[in-house]
Amino acid sequence: MDQRVSLITLGVADLARSRAFYAALGWKEQWPDFPSIAFFQLPGQVLGLYPLAELLRDQDKAGAPAPGGITLGINVRTKEEVPALCEAFVAAGGSLVKAPVDTPWGSYTAYAADPDGHPWEFTWLPAFPLNEKGELWLPEKM
């Protein structure tokens with residue numbers, strides 16, 4: 001099995017609201033005319049937004065799982081970008097979950113949630129620098 005993630009799909013309560021939220025962050029939707037799903041191209045993968053009821057039906061599941069069992073992360077190049085991302089999430093209609101803090105392992109980290117409660121982690125960690133394309137590649141050795 002290849003070691004990769006190609007598509008992350010979030011189950012959302014209101015597709016139009018979620019589309020507007022991610023667009024307000026400046027993300028560009030690919031194929032915005034699709035009425036029942038939204039796709040946002042990311043470097044090397046895609047974020048999908050799909051109505052939660054449909055996603056659960058696809059999975060043959062009943063009942064919605066609570067958001068929070070998984071965290072989507074955005075690593076940044078500078079410490080100053082962390083609070084800026086928090087502000088952008090709140091301005092777009094999300095909520096601040098945890099204000100930026102310095103961590104014992106050397107990062108500066110905050111958490112925010114999209115309108116459906118999906119948690120996003122924003123982190124500046126000098127030990128994990130981003131390459132020129134903004135991709136995170138772990139060093140061979142710590």
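A quick note: this is a predicted structure, and the numbers were derived from the prediction, not measured. If you read the sequence from its start, that first residue is 1, and numbering goes on from there.
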Inter-residue atom distance D14.CG - R19.CZ, 0.5 Å rounding: 10.5 Å

N/O donor-acceptor pair under 3.5 Å between H118 side chain and I70 backbone: no

pair L85-I74: side-chain heavy atoms closer than 4.5 Å: yes

Main-chain N/O of K133 paired with N131 side-chain donor or acceptor, under 3.5 Å: yes

K79 and D102, any side-chain heavy atoms less than 4.5 Å apart: yes

Which side-chain N or O atoms in residues 34-57 pair as donor and acceptor under 3.5 Å with protein atoms at least two apart or in another chain?
from: Q41; atom 1: NE2; to: Q45; atom 2: O; distance (Å): 3.1
from: E54; atom 1: OE2; to: R57; atom 2: NH2; distance (Å): 2.6

Nearest atoms (heavy-atom pairs only) where V76 meets T78: CG2-O, 3.3 Å

Hphob cluster co-occupancy, Y22 + Y111, side-chain heavy atoms under 4.5 angstrom: no

Heavy-atom pair of closest approach, residues L25 and A92: CD2-CB, 3.9 Å

Smallest separation among heavy atoms of A99 and A110, with atom names: C-CB, 4.0 Å

Nearest heavy-atom neighbours spanning T123 and S107: CG2-CB, 3.7 Å

Step-by-step side-chain contact (heavy atoms from CB on, under 4.5 Å) determination, L10 to L72: CA-CA 10 Å; L10 302 178; L72 303 166; 3.8 Å; yes

CZ on F128 to CH2 on W137, rounded to 0.5 Å: 14.0 Å

Aromatic ring proximity, centroids under 6.0 angstrom, F21 and F89: yes

Considering all heavy atoms, the nearest C86-L96 contact: SG-CD1, 3.7 Å

Linked, directly or transitively: W31 and I8 (ILVMFWY side chains, under 4.5 Å): no

Residues S18 and D114: side-chain donor-acceptor under 3.5 angstrom: no

Sub-6.0 Å ring centroid separation between Y108 and W124: no

Closest approach of E132 to R77 (non-hydrogen atoms, all atoms of both residues): O-NH2, 3.5 Å

